[in-house]
Structures are given as structure tokens and as C-alpha cells.
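Here's the structure, in C-alpha cells; my notes come after.
The figures here come from the full heavy-atom set of this structure, side chains too, leaving out hydrogens, waters and symmetry mates.
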Amino acid sequence: MPADRTKPLVFISYSHEDAAFVQKLRDLFDSLDDVSVVYSDRDNQPGAEWRKVQDQALADCKIFIPVMSSAYFRKKHESRREYDAAMARR
């Protein structure tokens, strides 16, 4: 389900190896009325330009949560790009 962009947006940056944990985290946020999870793989629409969608989500988010596991640090390229983009907005 796409995020409700009338609420503060949460971006979760994670490794696919941590998908089970991230799903629990997303379920927690989905149960709250005052925030909306803006990005995860399940938000991508078929045929969407995923990089453009991801960059917009990073630009729009109010809360950035990096799930910093060992798997997260092994996927340095993408996780670092997401992390750097979020920190540049501080």
C-alpha cells in the first residue's frame, strides 16, 4: 500500500537479509495513526523508476531509520547512498 503523504513519512533503509525484522518494524509503524512508512520494496509500483521513487522518498521523509546490521554494512553501495542522502538533509 502506498504511503499516506499527509502524515510524517518514515524511510527505512535496510538489507534484504533483514526483511523479517524490517517487516515487524514496518508493521509497528503501520499500526500508528500519526506516521506513514514511505519506502520499502513493497511500495514500488511495477515499471516505476525505482531510483527516482527512492530519491523522492528520501527527500520527503521526516524520519530516517537505518537498520544497521552486519548485512547492512556489507551492501555498502546502496545503504551508504541512502545514509549519505539522509544525513545531507540534517
**Prompt:** Where do Tyr72 and Tyr83 come nearest, in terms of heavy atoms and distance?
**Reply:** OH-CB, 4.0 Å
**Request:** Check step by step if side-chain contact (heavy atoms from CB on, under 4.5 Å) holds for Glu17 and Ser70.
**Result:** CA-CA 10 Å; Glu17 292 178 45; Ser70 59; over 6 Å; no
**Asked** To the nearest 0.5 Å, what is the distance between CE (Met87) and CZ (Arg80)?
**Response** 10.0 Å
**Prompt:** Would you call Arg81 and Asp55 a salt bridge, taking side-chain N to carboxylate O under 4.0 Å as the test?
**Reply:** yes
**Complete:** Between the CZ atom in Arg26 and the OG atom in Ser31, the distance rounded to the nearest 0.5 Å is 12.0 Å
**Prompt:** Closest approach of Asp34 and Pro8, non-hydrogen atoms and distance?
**Reply:** O-CD, 3.2 Å
**Request:** Locate the shortest heavy-atom distance separating Ala85 from Leu58; write the atom from each residue and the value.
**Result:** CB-CD1, 4.0 Å
**Request:** Verify side-chain contact (heavy atoms from CB on, under 4.5 Å) between Ile65 and Phe29, making sure each step is shown before the conclusion.
**Result:** CA-CA 12 Å; Ile65 301 175; Phe29 279 108; 3.4 Å; yes
**Message:** Under the rule for ring pair (Phe, Tyr, Trp, His ring centres under 6.0 Å), what residues qualify as partners of Phe64, not counting sequence neighbours?
**Reply:** Phe11
